[in-house]
Amino acid sequence: MEKLSVIAASPLFEMLSSAELGHLAELARARHFAAGDVIFEEGDLGDSLFVVVRGQVEVARRQPQGGLHPLAVLSPPEFFGEMGLIDKEFRSATVCAKTDVDLLQLSAQDLREFRRTHGDGFTFIVVNIARSLSARLREANVRLATKD
């Protein structure tokens, strides 16, 4: 897996310089999950974000009766897990591998290290996360408004 090309293609890292992208590629860890594997559970402490390299993941919320309600299916070059890095709260959803999936993982510690050497690039990442969260909130608002 060419980590640099995956990172460069992700909307999370738009506007970063080639040096910044290279540093993130060095920090990122490749992870593999088989179809059906749980990547993280709703309620876990969030300390990493993930970029989908290959395959698909399903994001779901636990129902009061115990089942999972699917919210989204993510494919390359989408990302997930960023909320826990922003608000330092517990995971708001469960994410499972829908297919065999390859991911890149960046931890909160990786991003702190990146911030020390690339302050402007770190700011761009935070802006890109805010854009993504805003888009997801708008989509949720539309879904709620159109519910019968």
Side-chain angles (χ1 to χ4, degrees), residues 1-62 68-145:
M1 160 191 340
E2 176 54 44
K3 293 192 294 184
L4 181 57
S5 63
V6 170
I7 285 174
S10 174
L12 179 59
F13 306 114
E14 283 180 8
M15 302 183 291
L16 271 66
S17 71
S18 55
E20 291 165 336
L21 294 170
H23 189 192
L24 285 170
E26 290 171 13
L27 293 170
R29 280 168 306 293
R31 302 285 309 273
H32 176 80
F33 294 87
D37 285 353
V38 174
I39 298 162
F40 57 73
E41 292 269 357
E42 182 176 338
D44 290 350
L45 189 58
D47 68 345
S48 295
L49 65 82
F50 299 85
V51 178
V52 182
V53 176
R54 182 187 62 83
Q56 293 183 320
V57 300
E58 182 174 74
V59 181
R61 291 281 316 237
R62 292 247 174 249
L68 286 174
H69 175 73
L71 300 174
V73 174
L74 304 177
S75 303
E78 294 177 292
F79 58 93
F80 61 94
E82 73 284 357
M83 286 173 50
L85 296 178
I86 298 296
D87 62 13
K88 297 186 171 130
E89 292 289 331
F90 297 102
R91 299 287 191 190
S92 64
T94 295
V95 178
C96 297
K98 188 169 176 71
T99 64
D100 285 0
V101 67
D102 292 319
L103 306 171
L104 290 180
Q105 179 180 13
L106 286 163
S107 70
Q109 177 60 38
D110 296 330
L111 292 175
R112 280 192 295 275
E113 180 180 325
F114 180 76
R115 184 186 68 214
R116 282 195 292 274
T117 56
H118 300 288
D120 288 344
F122 180 79
T123 300
F124 287 137
I125 292 171
V126 172
V127 167
N128 292 335
I129 288 172
R131 280 189 191 142
S132 171
L133 293 175
S134 178
R136 290 175 186 173
L137 180 58
R138 287 179 191 278
E139 289 170 16
N141 286 343
V142 168
R143 281 195 308 269
L144 287 172

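What you see is a predicted model; the values in this text were computed from it and never measured.
Sequence neighbours left out, the pairs with a member in residues 39-53 that pass salt bridge (charged side-chain N to carboxylate O under 4.0 Å, His left out) are E41-R62, E42-R61. For residues 110-127, the pairs satisfying salt bridge (charged side-chain N to carboxylate O under 4.0 Å, His left out) are R29-D110, with sequence neighbours left out. For residues 50-60, the side-chain hydrogen bond (donor to acceptor under 3.5 Å, both in side chains) pairs, not counting sequence neighbours, are R54-D102, Q56-S75.
Residues passing the ring-ring contact (aromatic ring centres under 6.0 Å, His included) test with F122: none are found, sequence neighbours excluded. In this view, E78 satisfies the salt bridge (charged side-chain N to carboxylate O under 4.0 Å, His left out) rule with no residue, not counting sequence neighbours. The ring-ring contact (aromatic ring centres under 6.0 Å, His included) search around F114 returns H23, H118, not counting sequence neighbours.
How far CZ of F90 is from CZ of F40: 14.0 Å, rounded to the nearest 0.5 Å. Between atom CE of residue M15 and atom CG of residue L21 there is a gap of 11.5 Å, rounded to the nearest 0.5 Å. Going from atom CD1 of I39 over to atom SG of C96 covers 7.0 Å, rounded to the nearest 0.5 Å. Taken from CG in L4 to CG in L104, the straight-line distance is 10.5 Å, to the nearest 0.5 Å. If you take CD on Q109 and CG on L27, they are separated by 9.5 Å, rounding to the nearest 0.5 Å.
A donor-acceptor contact shorter than 3.5 Å is absent between the side chain of R91 and the backbone of G84. No donor-acceptor distance shorter than 3.5 angstrom exists from the side chain of E82 to the backbone of I129, with no hydrogens or angles considered. The backbone N or O of V101 sits less than 3.5 Å from a side-chain atom of H32, completing a donor-acceptor pair. Judged purely by atom type and a 3.5 angstrom limit, K3 uses its side chain to pair as donor or acceptor with the backbone of A28. In this structure, the side chain of S10 does not engage the main chain of V6 through any donor-acceptor pair within 3.5 Å. Side chain of D100 to backbone of A35: a donor-acceptor contact under 3.5 angstrom is found.
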(message) Please determine whether side-chain contact (heavy atoms from CB on, under 4.5 Å) holds for the pair L24 and L106, giving the CA-CA distance in whole Å, both sets of side-chain angles, and the decisive distance to 0.1 Å.
(response) CA-CA 8 Å; L24 285 170; L106 286 163; 4.2 Å; yes
(message) Determine whether L103 and V52 satisfy the following criterion, side-chain contact (heavy atoms from CB on, under 4.5 Å), listing intermediate values before the conclusion.
(response) CA-CA 5 Å; L103 306 171; V52 182; 4.0 Å; yes
(request) Please step through side-chain contact (heavy atoms from CB on, under 4.5 Å) for the pair V95 and L74, ending with a clear verdict. (result) CA-CA 10 Å; V95 178; L74 304 177; over 6 Å; no
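Geometric assessment of R136 against the ring of F79 yields a positive cation-pi assignment under the 6.0 Å and 45° thresholds.
Ring geometry for F50 against F80 counts as parallel: the plane angle stays under 30°, on a 0 to 90° scale with 60° as the upper cut.
Nearest approach of L68 to A60, heavy atoms of both residues: CB-CB, 4.0 Å. Among all heavy-atom pairs drawn from G55 and P76, the shortest one is O-CD, 3.3 Å. Nearest heavy atoms, P77 versus P11: O-CD, 3.6 Å. Closest heavy-atom contact between S107 and S48: CA-OG, 3.6 Å.
Side-chain contact of R138 with N141: a donor-acceptor pair under 3.5 Å is absent, judged by distance alone.
With contacts defined as side-chain heavy-atom distances shorter than 4.5 Å, the pair I125/L16 qualifies.
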